[in-house]
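Below you'll find the structure, written out as structure tokens, and then a few comments.
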Amino acid sequence: MLEKTTRINFLFDFYQELLTPKQRNYMELYYLEDYSLGEISETFHVSRQAVYDNIRRTEAMLEAYEDKLHLYKKFKERNSLLEEMEQAFRSNQITTLRELIDSLKELD
């Protein structure tokens, strides 16, 4: 569950501007503020089921955006390459560092 929450939080960070204000509000309250479905439903005067459905649909939309744009995937790849670059730099592995820099350039 923690992995899913972390993934959704990252996807939300990358794609929140593509969501409606209502979708953003529900996602922020549920994932960032840790509100329950009941608390969100009381805040917006809708049923718990309506909140649940909206959150699930929004999660599916975020996943669809990621399938098309790959922003989160590239973010993770960049972070991994940067960590490898730091290790290569500390070990004074210039050839490896050069290869990692080339790999980083190819991501875009």
Side-chain angles (χ1 to χ4, degrees):
M1 181 66 179
L2 183 59
E3 282 184 32
K4 177 188 176 189
T5 300
T6 302
R7 179 177 173 80
I8 294 296
N9 281 328
F10 273 110
L11 294 179
F12 181 71
D13 284 345
F14 286 115
Y15 302 115
Q16 67 179 305
E17 293 300 319
L18 301 174
L19 303 175
T20 66
K22 182 167 117 177
Q23 289 170 323
R24 277 197 302 271
N25 286 333
Y26 284 10
M27 296 298 282
E28 284 175 2
L29 292 174
Y30 189 72
Y31 280 103
L32 302 177
E33 302 295 328
D34 203 28
Y35 276 44
S36 69
L37 295 175
E39 290 170 323
I40 298 170
S41 69
E42 288 175 16
T43 301
F44 289 95
H45 308 290
V46 296
S47 70
R48 290 177 80 249
Q49 186 64 44
V51 173
Y52 176 82
D53 290 344
N54 186 291
I55 288 172
R56 294 300 165 246
R57 267 194 315 275
T58 304
E59 290 171 352
M61 288 175 67
L62 292 173
E63 291 291 351
Y65 294 145
E66 176 61 15
D67 287 344
K68 292 177 181 141
L69 301 172
H70 309 289
L71 296 180
Y72 179 54
K73 177 184 172 196
K74 288 179 182 178
F75 169 78
K76 285 176 38 177
E77 289 173 354
R78 273 190 201 92
N79 280 346
S80 177
L81 285 169
L82 288 171
E83 286 176 18
E84 290 179 47
M85 289 170 72
E86 285 178 352
Q87 290 174 355
F89 179 75
R90 282 191 214 112
S91 303
N92 204 22
Q93 298 173 338
I94 303 303
T95 305
T96 303
L97 192 55
R98 180 80 244 158
E99 291 169 0
L100 291 168
I101 289 170
D102 292 341
S103 296
L104 188 60
K105 288 178 180 178
E106 290 175 12
L107 280 179
D108 293 325

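- Distance check: D53 CG to T58 OG1 gives 10.5 Å after rounding to the nearest 0.5 Å.
- Distance check, rounded to the nearest 0.5 Å: OG of S41 to CD of Q49 gives 11.0 Å.
- Electrostatic pairing of E86 and R90 counts as a salt bridge here, judged by a charged N lying under 4.0 Å from a carboxylate O.
- Taking CD1 from I55 and CD from Q23, the interatomic distance works out to 11.0 Å, rounded to the nearest 0.5 Å.
- In this structure, the side chain of S80 does not engage the main chain of E77 through any donor-acceptor pair within 3.5 Å.
- The side-chain hydrogen bond (donor to acceptor under 3.5 Å, both in side chains) test applied to T43 returns no partner, not counting sequence neighbours.
- Formation of a donor-acceptor pair under 3.5 Å by the N9 side chain with backbone atoms of T5 is found in this model.
- Environment of NZ in K4: crowded, with over 12 heavy atoms of neighbouring residues, nucleotides or ligands closer than 6.0 Å.
- With sequence neighbours left out, the side-chain contact (heavy atoms from CB on, under 4.5 Å) criterion links F10 to T6, F14, Y72, F75.
- Rounded to the nearest 0.5 angstrom, E17 CD and R24 CZ are separated by 5.5 Å.
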Any chance you could lay out the side chain to side chain donor-acceptor pair (under 3.5 Å) test for E83 and N79, step after step, and finish with the verdict? CA-CA 6 Å; E83 286 176 18; N79 280 346; over 6 Å; no
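- The line from CD of E39 to CG of D34 is 8.5 Å long, rounded to the nearest 0.5 Å.
- Under the 3.5 Å distance criterion, the side-chain polar atoms of Y65 are left unmatched by any main-chain donor or acceptor of L11.
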Before you tell me yes or no, could you show the steps for R98 and T95 under side-chain contact (heavy atoms from CB on, under 4.5 Å), namely the whole-Å CA-CA distance, both residues' side-chain angles and the distance that decides it to 0.1 Å? CA-CA 5 Å; R98 180 80 244 158; T95 305; 5.7 Å; no
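- Within the 3.5 Å criterion, the main-chain N or O of L71 finds a donor-acceptor partner in the side chain of E66.
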Could you give the side-chain donor-acceptor pairs of residues 26-33 under 3.5 Å, partners two or more places apart or in another chain?
unit_1: Y31; atom_1: OH; unit_2: E59; atom_2: OE2; d: 2.1

Show, in sequence, the C-alpha distance, side-chain angles and deciding distance for L19 and F12, and conclude whether the side-chain contact (heavy atoms from CB on, under 4.5 Å) test is met. CA-CA 9 Å; L19 303 175; F12 181 71; 3.8 Å; yes
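- Residue I40 holds its CD1 atom at 9.5 Å from CG of N54, rounded to the nearest 0.5 Å.
- Remark: D102 CG is packed, more than 12 non-hydrogen atoms of other residues, nucleotides or ligands lying under 6.0 Å away.
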